[in-house]
Amino acid sequence: MPDLSLIINEIIIYFQTNFKIAIAIALVLLYLLLKKFRLFIFLLFLSLVLFSLIYLISNLASTGTFYKTKITSQATTN
């Protein structure tokens, strides 16, 4: 499972290579911030919850993979 910093780096690289898309997203977010503040806050909260969920799933999956390899390596050595 990729590390969280790798995911963030991939997102940053994507926005750096696709500058027009990054500008469009920034303008939409700015519009929401100025005109529809409640929707902006809702989307911000939703994205934070989803980002936290992805981080939790990634962390649990990497822990499970570590213990699985540890158990299988112990079984092969015995």
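The chain is numbered in sequence order, starting from 1.
- I11 CD1 to Q16 CD: the interatomic distance, rounded to the nearest 0.5 Å, is 12.5 Å.
- Note: F51 CZ to L56 CG = 12.5 Å, rounded to the nearest 0.5 Å.
- There is no path of hydrophobic side-chain contacts, each under 4.5 Å, that joins I21 to I13.
- There is a path of hydrophobic side-chain contacts, each under 4.5 Å, that joins Y55 to I8.
- When hydrophobic clusters are built by joining Ile, Leu, Val, Met, Phe, Trp and Tyr residues whose side-chain heavy atoms come closer than 4.5 Å, directly or via intermediates, F40 is grouped together with L43.
- Using a 4.5 Å cut-off between side-chain heavy atoms of Ile, Leu, Val, Met, Phe, Trp and Tyr, with links allowed through other members, I54 and F45 fall into different hydrophobic clusters.
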I would like to know whether F42 and L32 meet side-chain contact (heavy atoms from CB on, under 4.5 Å); could you show each step before the answer? CA-CA 11 Å; F42 174 74; L32 289 175; over 6 Å; no

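- Distance check: L46 CG to L39 CG gives 10.5 Å after rounding to the nearest 0.5 Å.
- Hydrophobic clustering of Ile, Leu, Val, Met, Phe, Trp and Tyr side chains at less than 4.5 Å, counting indirect connections, unites F19 with L27.
- Looking at L33 and L29, their side chains never come closer than 4.5 Å, going by heavy atoms from C-beta outward.
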